[in-house]
Amino acid sequence: MDIFSFEFFQRALAGGALIAVTAPLMGLFLVLRRLAMIGDTLSHVSIAGVALGFLINVYPIAVGLAFAIVASFGIEALRKTYRSFAELSIAIIMAGGIALASLLFTMGKGFNVDVNSYLFGSIYTLSRTDLAVIAAITAAVLAVVLLLRKELFLLAFDEEAASVGGLPVRFFNLLISVLTALVISAAIKIVGALLVSALLTIPAACGLVLARSFRQAIGLVMAIGEAAVVLGLWLAGVWNLAPGGTVVLLLIAMLLGSLAVRRMRV
Amino acid sequence: MRTSESSFAPCHREILALDRVSYAYGSQRVLDGVTFIARERDFVGLIGSNGAGKTTLLRMIVGLLKPQHGEIRLFGTPIGRFKDWHLIGYVPQRSHFNPLFPATVREVVLSGLYGRRKLLRRVTREDISRADDAMGVLRIEDLADKRIGALSGGQQQRVFLARALINNPKLLLLDEPMSGVDAQTQANFFQLLRHMHQHHHLTFLMVSHDLETVLSYLGREPKETSGKLAFHVRHSHDLEDCEETDLLHTLRKEG
């Protein structure tokens, strides 16, 4: 039986292919700014939003997105308070997100909510609306990143120099967080909240060991993300596996491959 | 202070002014009423031990921190209203960047042109040729497509200097540029800075530990001290006129 002929699978594949471009791209900027764990935090907070959405009967991805954006402002605010302990603010917001999600999910026990599909991802539940939202988010994120890629590069490479260049550093930091929140809330239904950060960080980890230039790194992370997601979703569809887990294990295999290539080069 | 400005020779404009600048992290006061003026073509060494507030002061001068008290002026304009950031070149501490960062020498040098002035603008052919000039002047053109993390410390210093020079700046800020390289490389690099100071229309602010090479050039007696910070200054009189020239262009001609 050919899985590709099912409409639900075509939708999942299309959504995955879109997310596989933007998630690794944002991940690259986050990793280079040493904020790799921010993805994990925002995804856990957006799960709380999804739960609330089910509870009050509002489109869950929209509520998840709103939560993630509020959380990204919260992280920036806490980062200022704790200065050099930036990861502390990330840990606090993440704990808050999980706590809130668990409360909301127990309150919503009576609803027919498939929690698993949001935690581990599902290729069966992507609706037409979901796909449209994912497409819009992808277009918006790509447009912003491509237009501002020079400035984002400078910011990631050298914050002081970016400030001397006259760039509004605080605005750019917030912009990166908000774009990440957008990507994550679009991705959780496919990859799952628990694993979405892998799609942000592992392609970047491959890019760091393989790429010589920034331009190469951008191309590489998108290619690696795309290959892992498309192949992963196909395998998950054929063998009825959890899509998020399949994609992430493929990513880890690619990372091992990248490290081996690097070793051969040296 | 600013009314007397006209009494100075044209080559003696105020470039950077710190007027009773203070900063504290919580109850811990790092800077207390720092006052200092750097004039055109001064070479200023900002010398202080760890924790003396050098980094805090530098972050304020580049606009990343706001002074809690006092005022900072750049080229006579209070920093809050200062817009001409292209007049300032910045050379970072080498240890601040990750050697795994995927960027070539050319990409890093070009990034000196990215700023508010060119927001959303594409990289032009002229930009590329300016980057080539800057790399040529510092003799790193052969390294253009190498990954910056693969270079030696001395080569990396030159890359960052090329990035700072690409905008034809009037003020060069150097944050511990000598850290983490051997004595010979330090001496060579300082020789280069000295040459630029003596023959070109540039003002320098170099943040440093107590450094023998720097002090022997600037003089051991600080012009101003503030807490654990000391400002050592040497003015350059070698150029008679104050002609404004394209720095990269003249450096290139000198070969």
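Chain naming here is simple, since letters A, B, ... match the order of the sequence lines and numbering starts at 1 in each. Every value quoted in this text rests on a predicted model; they were computed, and no experiment measured them.
Contacts between B:Phe160 and chain A at a heavy-atom distance below 4.5 Å involve the side chain alone, from C-beta outward. Neither the backbone nor the side chain of A:Gln216 has a heavy atom closer than 4.5 Å to any heavy atom of chain B. Residue A:Arg149: no heavy atom, backbone or side chain, is found under 4.5 Å from chain B. The part of B:Arg59 that comes within reach of chain A is its side chain, from C-beta onward, which places non-hydrogen atoms under 4.5 angstrom from that chain. With a threshold of 4.5 angstrom between heavy atoms, A:Ala156 approaches chain B through its backbone and through its side chain.
Residue pairs meeting the ring pair (Phe, Tyr, Trp, His ring centres under 6.0 Å) criterion with at least one member in residues 41-60 of chain B, sequence neighbours excluded, are B:Phe43-B:Phe190, B:Phe43-B:His197, B:Phe43-B:Phe204, B:Phe43-B:Tyr217.
Between B:Leu110 atom CG and A:Leu154 atom CG the span is 11.5 Å, to the nearest 0.5 Å. Distance CG/B:Asn98 to CZ/A:Phe157: 9.5 Å, rounded to 0.5 Å. Here the CG atom belonging to A:Leu148 is positioned 12.5 Å from the OH atom belonging to B:Tyr114, to the nearest 0.5 angstrom. Residue B:Thr55 holds its OG1 atom at 8.5 Å from CD of A:Glu160, rounded to the nearest 0.5 Å. If you take CD1 on B:Ile88 and OG on A:Ser163, they are separated by 9.5 Å, rounding to the nearest 0.5 Å.
Closest approach of A:Phe153 and B:Glu107 over heavy atoms only: CE2-O, 3.7 Å. Contact detail for A:Val164 and B:Trp85: the closest heavy-atom pair is O-CB, 2.7 Å. Here the shortest heavy-atom pairing between B:Arg147 and A:Leu208 reads NH2-O, 2.9 Å.
Of the listed residues (B:Val123, B:Thr104, B:Leu64), the greatest number of heavy-atom pairs within a distance under 4.5 Å of chain A belongs to B:Leu64. When B:Pro102, B:Ala103, B:Gly63, B:Ser111 are compared by the number of non-hydrogen pairs under 4.5 Å with chain A, B:Pro102 comes out ahead.
Between A:Arg212 and B:Asp145 there is no salt bridge, since no side-chain nitrogen of the basic residue lies less than 4.0 Å from a carboxylate oxygen of the acidic one.
Taking a 6.0 Å sphere around CZ of B:Arg29, one finds it holds more than 12 heavy atoms contributed by other residues, nucleotides or ligands.
No side-chain heavy atom of B:Leu113 sits less than 4.5 Å from a side-chain heavy atom of A:Lys150.
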